[in-house]
**Student:** 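First, the structure itself, so that you have it in front of you.
One-based numbering, in listed order, for ligands and for the atoms of each.
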Amino acid sequence: MDKEHVFFENYARNWDRDRKADASILSSFMTLAGIRPGSDILDAGCGTGVLLPYLSAATGDEGRVEGFDYSQQMIDVAKEKFSYLANVTFTTGDVLKYAFLKKHYDVVCCLNFYPHIAEHSRDVIRRLYEALVPGGMLLIMHDMPRKAVNAIHGGQPVLPPVDVLEEKLISAGFSVVIAMDTEQFYFIKVVKTADESDFVYDDEEQPDHRTARALHHAYHHTETKRVLNRLSRITGHVEAIKRMIEDGRDCSDVLVQLAAVHSAVAGVSRVILKDHIDHCIVDAICEHDADAVENLKKAINTFVK
Ligand SMILES: C[S@@+](CC[C@H](N)C(=O)[O-])C[C@H]1O[C@@H](n2cnc3c(N)ncnc32)[C@H](O)[C@@H]1O
């Protein structure tokens, strides 16, 4: 057992006394996650199980939640607190070694867990990716701001800025749906792409109906995967805003989120425009394609209006 493992074994009985989870933030996480009833959920690094009642309620009688932790003491405390939840089971195991069944879970949650696997993040992300069904979601959540998390870890940057973690998750094959790093919390929701070829839009993957010209241009685009990921993220963000409105959330909170979507849309437009100028237009000028240059002028006019 390494030092950190021993630390958690010894701390388990006092964990809830010293580390009060923020109920309103955990509820917001459930809203943002949008877990479907009937989901099969893994709570990785569940500790004393603070998230288990929320996950149990979200998935309902048809679903299943597995609290997973390498600390037997943490699991014992969680069992004592939540064995009455009929859809919850417990597993003691190390996320770095445990033989998870492939394509098994619909949702994997990591609440306040990432810093403990940060050193092995590539390996753990790959294992969790394989354990998810296609289309399944991975949630990385902290009910405190990133700065506070890193301060607890002696100022080490164990929890990176969302864009850094996003890149890691994207390179593992996930699509980012929501990524928020706020004054109160840190929340990332990514989805295992149903069929990676839907997202990796390179020359070999072009749909048949596209024209030769479109094929030519797509070949030269370098930002397609990034653009698709950004758009998936915006779509997820808009869905989360819809749920905020359905839940009667404060208008000012909704407006802040809408402003974030607005700037995300402007950002993705800039990426596409730059890609277009860098590639298609350079080609068009070389090929004396006056139509393409004229179309670019129109696109810029629409964009800057
Ligand atoms: C900071 S606690 C978070 C617990 C709980 N999710 C919460 O938010 O209260 C991190 C938990 O991860 C567990 N853990 C750390 N490394 C692990 C590993 N490699 N495999 C499984 N569990 C691990 C620890 O035992 C501990 O319970």
Side-chain angles (χ1 to χ4, degrees), residues 1-30 32-33 35 41-58 65-82 85 88-101 104-105 107-131 138-154 156-160 165 184-189:
M1 231 187 257
D2 66 20
K3 248 167 71 183
E4 192 170 285
H5 191 163
V6 173
F7 167 83
F8 283 118
E9 293 292 2
N10 291 336
Y11 208 163
R13 295 274 153 198
N14 292 323
W15 185 260
D16 290 341
R17 180 200 65 193
D18 292 351
R19 175 71 180 84
K20 297 254 177 305
D22 188 318
S24 75
I25 293 181
L26 297 188
S27 299
S28 303
F29 285 166
M30 291 300 102
L32 290 167
I35 293 171
I41 306 172
L42 177 73
D43 184 3
C46 66
T48 60
V50 296
L51 199 59
L52 293 173
Y54 296 85
L55 299 174
S56 167
V65 184
E66 183 179 347
F68 181 93
D69 204 289
Y70 70 175
S71 159
Q72 188 58 52
Q73 288 296 319
M74 287 283 191
I75 290 284
D76 288 347
V77 174
K79 272 187 188 164
E80 285 162 25
K81 285 162 63 187
F82 298 118
L85 295 170
V88 175
T89 59
F90 297 92
T91 305
T92 307
D94 186 332
V95 78
L96 286 161
K97 300 180 190 146
Y98 189 75
F100 292 106
L101 287 178
H104 181 78
Y105 302 100
V107 181
V108 172
C109 298
C110 300
L111 176 67
N112 301 316
F113 180 54
Y114 185 84
H116 305 287
I117 51 91
E119 240 183 279
H120 309 281
S121 59
R122 186 190 287 258
D123 191 18
V124 174
I125 289 170
R126 185 185 48 78
R127 288 171 142 266
L128 297 181
Y129 181 89
E130 284 171 3
L138 171 67
L139 304 167
I140 296 179
M141 305 172 276
H142 287 266
D143 61 340
M144 60 172 79
R146 188 168 61 86
K147 264 192 194 158
V149 174
N150 289 337
I152 289 174
H153 290 266
Q156 295 298 311
V158 282
L159 186 61
L165 190 43
Q184 285 84 35
F185 63 81
Y186 183 99
F187 181 91
I188 296 186
K189 168 174 163 177

**Student:** Any non-hydrogen atom of Cys46 lying under 4.0 Å from ligand 1?
**Tutor:**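 Yes, Cys46 has heavy atoms under 4.0 Å from ligand 1.
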
**Student:** Which atoms of ligand 1 are found less than 4.0 Å from any heavy atom of Val50?
**Tutor:**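 Those atoms are 7 (C), 8 (O), 9 (O).
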
**Student:** List every atom of ligand 1 that sits less than 4.0 Å from any heavy atom of Asp94, numbering the atoms from 1 in the order shown and giving each element.
**Tutor:**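 Per the distance check, 18 (C), 19 (N), 20 (N).
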
**Student:** Looking only at heavy atoms, what is the nearest atom pair of Val88 and Ser56, with distance?
**Tutor:** CG2-CB, 4.0 Å

**Student:** Is there any N or O on Tyr70 that sits under 3.5 Å from an N or O of ligand 1?
**Tutor:**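 N/O-N/O distance under 3.5 Å: yes.
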
**Student:** Are side-chain N/O atoms of Glu66 and Thr89 paired as donor and acceptor at under 3.5 Å?
**Tutor:** no

**Student:** Please list the nearest protein heavy atom to atom 12 (O) of ligand 1 with its residue and the distance rounded to 0.1 Å.
**Tutor:**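 The closest one turns out to be Phe113 CD1, 3.4 Å.
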
**Student:** Taking only heavy atoms of Gly93 into account, list the atoms of ligand 1 that are under 4.0 Å away from them.
**Tutor:** 20 (N), 21 (C)

**Student:** Take Tyr98 and Thr91 through the side chain to side chain contact (heavy atoms under 4.5 Å, CB included) test and state the conclusion after the steps.
**Tutor:** CA-CA 10 Å; Tyr98 189 75; Thr91 305; 3.6 Å; yes

**Student:** Determine whether Tyr186 and Leu159 make a side-chain contact, defined as any pair of heavy atoms from C-beta on separated by less than 4.5 Å.
**Tutor:**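 Tyr186 vs Leu159: side chains touch.
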
**Student:** Should you measure from each heavy atom of Met74, which atoms of ligand 1 turn up under 4.0 Å away?
**Tutor:** 27 (O)

**Student:** Check whether any heavy atom of Tyr98 sits under 4.0 Å from an atom of ligand 1.
**Tutor:**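 In this structure, Tyr98 fails to qualify as a contact of ligand 1 - no heavy atom is under 4.0 Å.
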
**Student:** What atoms of ligand 1 come within less than 4.0 Å of a heavy atom belonging to Gly47?
**Tutor:**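 Matching atoms, with element in brackets: 4 (C), 27 (O).
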
**Student:** Report the nearest protein non-hydrogen atom to atom 25 (O) of ligand 1: residue, atom name, distance rounded to 0.1 Å.
**Tutor:**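 Of the protein heavy atoms, Asp69 OD1, 2.6 Å lies nearest.
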
**Student:** Take Cys46 and Leu51, measure what side chain to side chain contact (heavy atoms under 4.5 Å, CB included) needs, and give me the verdict at the end.
**Tutor:** CA-CA 7 Å; Cys46 66; Leu51 199 59; over 6 Å; no

**Student:** What are the two closest heavy atoms between Phe113 and His142, and how far apart are they?
**Tutor:**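 Reported closest heavy-atom pair: N-CE1, 4.1 Å.
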
**Student:** For atom 4 (C) of ligand 1, what is the closest protein heavy atom, and at what distance to 0.1 Å?
**Tutor:** Gly45 O, 3.4 Å

**Student:** Check ligand 1 against Ser71 and write out every atom of the ligand that is under 4.0 Å from a heavy-atom position of the residue.
**Tutor:** 25 (O)

**Student:** Please find out if less than 6.0 Å separates the ring center of His116 from that of His153.
**Tutor:** yes

**Student:** Would you please test Tyr11 and Arg19 for side chain to side chain contact (heavy atoms under 4.5 Å, CB included) and show each step?
**Tutor:** CA-CA 11 Å; Tyr11 208 163; Arg19 175 71 180 84; over 6 Å; no

**Student:** For the 3.5 Å polar cut-off, considering only N or O atoms, please tell me whether Asn112 and ligand 1 meet it.
**Tutor:** yes

**Student:** Purely on distance, is any nitrogen or oxygen of Ile117 under 3.5 Å from one on ligand 1?
**Tutor:** no

**Student:** So is Ala12 touching ligand 1 or not, going by heavy atoms under 4.0 Å?
**Tutor:**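 Contact check Ala12 vs ligand 1: negative.
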
**Student:** Less than 3.5 Å between some nitrogen or oxygen of Leu96 and one of ligand 1, yes or no?
**Tutor:**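 Between Leu96 and ligand 1 (N or O atoms, distance only) the closest approach is not under 3.5 Å.
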
**Student:** Would you mind running through ligand 1 and noting each atom that sits below 4.0 Å from a heavy atom of Trp15?
**Tutor:**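 The list of qualifying atoms is 1 (C), 2 (S), 9 (O).
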
**Student:** If you define the side chain from C-beta out and look only at heavy atoms, does anything of Asp69 sit under 4.5 Å from Thr48?
**Tutor:**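 With C-beta onward as the side chain, the pair stays apart.
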
**Student:** Just distances here: any N/O of Val95 and N/O of ligand 1 closer than 3.5 Å?
**Tutor:**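 Val95 vs ligand 1: N/O contact under 3.5 Å present.
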
**Student:** For Asp143 versus Asp22, what's the shortest heavy-atom pair and its separation?
**Tutor:**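 In terms of heavy atoms, the two residues are closest at OD2-N, 3.2 Å.
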
**Student:** Could you report the tightest heavy-atom contact between Phe68 and Val95, atom names first, then the distance?
**Tutor:** CE2-N, 3.7 Å

